[in-house]
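Working notes, structure below.
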Amino acid sequence: MYALVDCNNFYVSCERVFDPSLRNRPVVVLSNNDGNAVARSNEAKELGIPFGAPFHSLKGRIREHNIAVFSSNYTLYGDMSRRVMDVLGGLSPEMEIYSIDEAFLRPGRRRHSEWGREVRETVLQWTGIPVSVGLAPTKTLAKLASRLAKKDPACCGVFNMDARPDIDSILDGADAGDVWGVGRQYSDLLRRHGICSARQLRDAPDRWVKKKMTITGLRTVYELRGVPCISLDEMPGTKKAIVSSRSFGRPVTDEAELREAVAAYVTRGAEKLRGQGSAASCVTVFITTNPFRKEDPQYSNSVSYSLPSPSSYTPRLIHCALRLLGVIFRQGYSYKKAGVMFTGIVPVEDAQPDLFSRHRDTEKTRSLMSTVDHVNAAMGRGTISFASEGRTRPWQMRRAFLSSRYTTHWKEIPVVRA
DNA sequence: TCTGGGGTCCTAGGACCC
DNA sequence: TCTGGGGTCCTAGGACCC
């Protein structure tokens, strides 16, 4: 038996915890750079604002309906997520944190529906975040169940598929495209073959599914039949690729600014690398102009370099990335985005040094980086930064509607008035 | 002025090995 | 008429997830 616990409109809910005036009001949260709507309150969904709608296309409706708008505040959402997961961890012996706002759990021995209601109430009371709970014999069905828990107000946020005798009609009522693992492409393909509902997908012939949707698709179908094929992953492994990239707040034409941005992205990526005890043996840098500005000349390029020995030493990685940038940078374009990717990731203790190279991570470089990481963790990110990242950073992303970091910064803590 | 930022897995095909 | 058989590794591309 699996449970999927899913935070309702998570980013919006985080904002609402600290600003009760947002309740019952349409709220949207924008992606990085205030680009698109990535979270919407139910009221905003009812106004017909789709997921991913570009902010600039919403301005009329925002004024008209007095919609509250926020920039993404990942410091806040990340910390609220940690709190929710802490609570969930105490309510189940086994847990897989699946995303910032979802976790798979094994319900205890208690009656499942009752347990589900307790989860919901506890998380709400302890964190202020409303969640939905889907219960089913497989993860895929549990995902579906949590959707249904949200859709039907009568189930009060908990949907236990096991307790339902009418499973066929439940699957009849769900689109095949709403099944976990079926995206746009497969959804279109299935529809062309007359498979529209989750039930039709469940009952499709194995051989056909395997041929069209590979082994992954066949697993999904088995899971719809109640045969568990996807197990709980309690210990997510180390990442195999680490990407750090951002769109700029405004077009960037100057190579010096691009160099600052790339250095800053390397710094972030290298922190992540060290955070999981890894080193990277390959660095990739990419830059691109704005593909939406069709009238502008377009250029994008990327280039990789294999390091003589794996590294997680920020200065070395910055040095390497800036040289790569020099290879692909072309004067005369307006750049919109740049990024850095680390691959060939190995555990630090397995990193094979190069016999002939002086450029290798040593005890000294590691302890320097560890000190920097500790200071930044304790005093806030960027307390120690690299000169090449720049000070003013005019290229930084737009975040015009940012709320406070209520839970992680003393100066931004909420004030209670009598 | 204006459109996000991360990740994973699977397969086919080619190079190469004995 | 008939040109082996079995493997590994790597990459690119395509699908998916949040």
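Residue numbers start from 1 in every chain, and the chains themselves are labelled A, B, ... in the order their sequence lines are given, proteins ahead of strands.
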Report task. Please check if atom NZ in K45(A) has more than 12 non-hydrogen atoms from other residues, nucleotides or ligands closer than 6.0 Å. Result ->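 Result for NZ/K45(A): enclosed.
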
Mind checking [X] for me? I need base, sugar-phosphate or nothing, with any heavy atom below 4.0 Å counting as a touch.
X       : answer
R184(A) : sugar-phosphate
A241(A) : sugar-phosphate
I242(A) : sugar-phosphate
R219(A) : sugar-phosphate
K272(A) : sugar-phosphate
K336(A) : sugar-phosphate
V29(A)  : nothing

Looking at the side chain of [X], which of [options] is the nearest nucleotide?
X       : options                  : answer
N32(A)  : dG5(B), dC18(C), dT3(B)  : dG5(B)
Y186(A) : dG7(B), dT11(B), dC16(C) : dC16(C)
W180(A) : dC9(B), dC18(C), dG4(B)  : dC18(C)
V243(A) : dG7(B), dG4(B), dC10(B)  : dG7(B)
F51(A)  : dG4(B), dC17(C), dG5(B)  : dG4(B)

Query raised in the report: Who does dG7(C) pair with, Watson-Crick or G-U, both distances under 3.5 Å?
Result: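 Paired with dC16(B).
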
Query raised in the report: Would F286(A) and Y265(A) count as a close aromatic pair, with their ring centres under 6.0 Å?
Result: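 F286(A) vs Y265(A): aromatic centres not under 6.0 Å.
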
Just to confirm, is there a sub-4.0 Å distance from OP1 or OP2 of [N] to any side-chain nitrogen or oxygen of [X]?
X       : N       : value
R398(A) : dT1(B)  : no
S245(A) : dG6(B)  : yes
S57(A)  : dT3(B)  : no
K143(A) : dC18(C) : yes

**Report entry** Parallel, tilted or perpendicular: rings of F104(A) and W180(A) (30°, 60°)
**Finding:**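 Judged by the thresholds at 30° and 60°, the geometry between W180(A) and F104(A) is tilted.
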
Query raised in the report: Does a donor on one side chain and an acceptor on the other come within less than 3.5 Å for T140(A) and E223(A)?
Result: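 Their side chains do contain a donor-acceptor pair, which is all the 3.5 Å distance test asks for.
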
